[in-house]
2 protein chains.
Amino acid sequence: VGTISFARGVPAPECLPVEELADCARAALERDGRTALGYGSAAGYAPLREWIAAEHSVEPERVLITNGSLQGFIFLAQHLLARKRSRVLVEAPTYDRPLKILVGLGAEVTAIPMDDEGLDLDALEHELRTEPGPAFLYTIPTFQNPSGRTLSEERRARLIDLARRYDLLVLEDDPYGLVRFEGKLLPRLFDLNGSILYSSSFSKVIAPGLRVGYLVLPKALAFALEQIAVSTYITPALLGQATVLEYLRRGLLEPNLERVRELLRARRDAMLRALEREFPAGASWSRPEGGYFVWLDLPDGADAGELLRRADQAGVSFVQGSDFFPGSAGGESSARLAYSFVSPAEIEAGIARLAALLPAVTSV
Amino acid sequence: VGTISFARGVPAPECLPVEELADCARAALERDGRTALGYGSAAGYAPLREWIAAEHSVEPERVLITNGSLQGFIFLAQHLLARKRSRVLVEAPTYDRPLKILVGLGAEVTAIPMDDEGLDLDALEHELRTEPGPAFLYTIPTFQNPSGRTLSEERRARLIDLARRYDLLVLEDDPYGLVRFEGKLLPRLFDLNGSILYSSSFSKVIAPGLRVGYLVLPKALAFALEQIAVSTYITPALLGQATVLEYLRRGLLEPNLERVRELLRARRDAMLRALEREFPAGASWSRPEGGYFVWLDLPDGADAGELLRRADQAGVSFVQGSDFFPGSAGGESSARLAYSFVSPAEIEAGIARLAALLPAVTSV
């Protein structure tokens, strides 16, 4: 029996449109190879910038395409922390990679609690009244990594209002927004207010190995980050960007999204069904309408770290909740379960294995 | 009459093997799309790591492939400056981008003079006797950017000896080594001693837009940099790497090199011929046997900055020498002339225009 990975927040290989992308890569180079194969703008492949700009109803100068969106996050954090305050607000829990990057850049990270409707805005407002003011808030409002939670529509409006009143810079990281497989489409924070800093990527809607992420920023900020980009890698990798553009031009995104959503919905269903069947009262979990992740809170007294050690030996992996909190407290009884990578049958088997280990890691 | 750019150290568009790469990109994805389109190792596409490793007779674990070699330089500098001494030795002049990166990282940069045989090793040894010892030496021994100069064979052996005696880490940056169009092939520093840190790229031998650079490092150092890479972009852009591998497997590199060398030789010849014909006694320049650049020292009293301002208006561009020196001194009467981008006819016309401007910027 192989390991069943709930740790990998990545698409299953069968989600990748390999044949289509092979043809798009060839066509992209035949169409515009001299541009895509030369040094170009540090802000990315111009026709793709234009496409993204049109999609967000902004000028192309506001779009910065990077080698994956994490690289864009680094540029933004480097710039904002060098010029402004050193405190950064994040959700608790939050995506672990930006957390580590912020700590590495010397930021003081303040974690704001969440509930099932997303960020706790009373707690946020309390922090906004505390000096020194933060450099920015990092939030993933839709199908959050790691919790799978989504900020409610009412809270979206209030967050925009708080940002305006307290002059708070907000970075909306939105890689999962388009992989919604049920429920009502909510406006992006960026749709509610165009001064929100917006980040997304083609990793979850086409393929992650292409490494095409992007930021939509106010013009001056986009220009400042372009200078950091040119000093880092001269030009981002353009072949993947040109391939993405060809894919979009052929109208392949929407049918691919339909396919990916159905694959993810089946996996999410399998996970919720198995959790319901296998886990005892006292455990609770998020019920995402899209994205990759379920957040599992174990019954009181259960140790997620010990569960992970035993699960590893039993051939199941996940990421323990504490990895997604800054500092040394938080998430001790929680787990991030990714349903994106494994098949529905593996999901059912893996959840059963985890549940069987639970009594041994729970102190009564 | 359009601008004639001696500023752009980039291959001319007609040097790029567009059709071949279009077919290689398609074939690479058809062969191994699920790997190339997914998240993979932060150290790069495994089969390309193996190819590079075999080429350098090392284990694949010693190879780190990055989104262009400048990104690898940043990882290396971040790591070495965080752990060791803050002084870095560079050639004077040297490639301006690493210079800016070092300054940005807070390094104290010491410039070692060069002559026509490359780095002045007496000056280097003097610095090595000075405390505090440097974190590393950054050198481009072959067809250096910006000078076009090449470290002589005798000096290569002595540099290796100095590195051993003074326990000096040496980073050999070698993007131009394979674009030699005449003269004797010299051993790389890395060939003389496998503990030299080695950096190169496919930008000058295939295409820069692919953004495929690499480092060959001792195993522990490669592993440490891989951790920085994963925290920066998770995985480098794999499509370009898989395309490069397909190109190599098809045996296309050697014929492409032959073609690129002939294109560059014709351009170099045109530039040396025009300099000889147009420039007065008192001016001198390097005579590279490969690479992209000629370094021009203007006659005494000539101001390269003023020449650049006037040249811009006359439709010729270059990079002034002072950009390639740390601090505020050096290169005031020098220019980097790239012959890689423009045609032989443009080169002859551009050099004639520069020479015509020379009297006006020379104080006697």
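Just so it is clear, the structure is predicted and the values come from calculations on it, not from any experiment.
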Inset, instruction - Identify which part of A:L238 has an atom lying under 4.5 Å from any heavy atom of chain B, answering side chain, backbone, both or neither. - result: both

Inset, instruction - Tell me, for A:A237 versus chain B, whether the close heavy atoms (under 4.5 Å) come from the side chain, the backbone, both or neither. - result: both

Inset, instruction - Considering only heavy atoms and a distance below 4.5 Å, find which of B:G72, B:P208, B:A27 pairs most often with chain A. - result: B:P208

Legend entry - Most chain B-contacting option - heavy-atom pairs closer than 4.5 Å, from A:I206, A:L16, A:T35: A:L16

Inset, instruction - Please state whether the side chain, the backbone, both or neither of A:P98 comes within less than 4.5 Å of a heavy atom of chain B. - result: neither

Legend entry - Region of A:S231 that comes under 4.5 Å of a non-hydrogen atom in chain B: backbone

Legend entry - Proximity breakdown for A:I74 and chain B, heavy-atom pairs closer than 4.5 Å: side chain

Legend entry - Interchain contact, A:V212 with chain B, by part (heavy-atom threshold 4.5 Å): neither

Inset, instruction - Can you tell which part of B:E19 gets under 4.5 Å to a heavy atom of chain A, answering side chain, backbone, both or neither? - result: side chain

Inset, instruction - Determine whether B:Q71 and A:Q71 make a side-chain contact, defined as any pair of heavy atoms from C-beta on separated by less than 4.5 Å. - result: yes

Inset, instruction - Select one option (side chain, backbone, both, neither) describing which atoms of A:T243 are under 4.5 Å from chain B's heavy atoms. - result: side chain

Inset, instruction - With the side chain counted from C-beta on, respond yes when B:L37 and A:L21 share a heavy-atom pair under 4.5 Å apart, and no when they do not. - result: yes

Legend entry - A:I234 side, atom CD1; B:N67 side, atom CG - distance, nearest 0.5 Å: 11.5 Å

Inset, instruction - Using modelled atom types only, decide if a donor and an acceptor are shared between the side chain of B:R211 and the backbone of A:Y233 within a distance under 3.5 Å. - result: yes

Legend entry - A:E14 versus B:R34, closest heavy-atom pair with distance: CA-NH2, 3.7 Å

Inset, instruction - For residues B:V230 and A:R97, determine if any side-chain heavy atom of one lies less than 4.5 Å from a side-chain heavy atom of the other. - result: yes

Inset, instruction - Looking only at non-hydrogen atoms, find the nearest pair between B:Y39 and A:R8 and report the distance. - result: O-NH2, 4.1 Å

Inset, instruction - Output the option from A:G38, A:S69, A:P11 having the highest count of non-hydrogen pairs under 4.5 Å with chain B. - result: A:G38

Legend entry - Side chain / backbone / both / neither for A:S203 at chain B, heavy atoms under 4.5 Å: side chain

Legend entry - B:L239/A:L210 under side-chain contact (heavy atoms from CB on, under 4.5 Å): CA gap, chis, key distance, verdict: CA-CA 6 Å; B:L239 173 53; A:L210 296 169; 3.9 Å; yes

Inset, instruction - Evaluate the criterion side-chain contact (heavy atoms from CB on, under 4.5 Å) for residue pair B:T232 and A:L70; output intermediate values, then yes/no. - result: CA-CA 7 Å; B:T232 302; A:L70 192 68; over 6 Å; no

Inset, instruction - Could you have a look at B:A22, B:A25, B:G33 and say which one has the most heavy-atom pairs with chain A under 4.5 angstrom? - result: B:A22

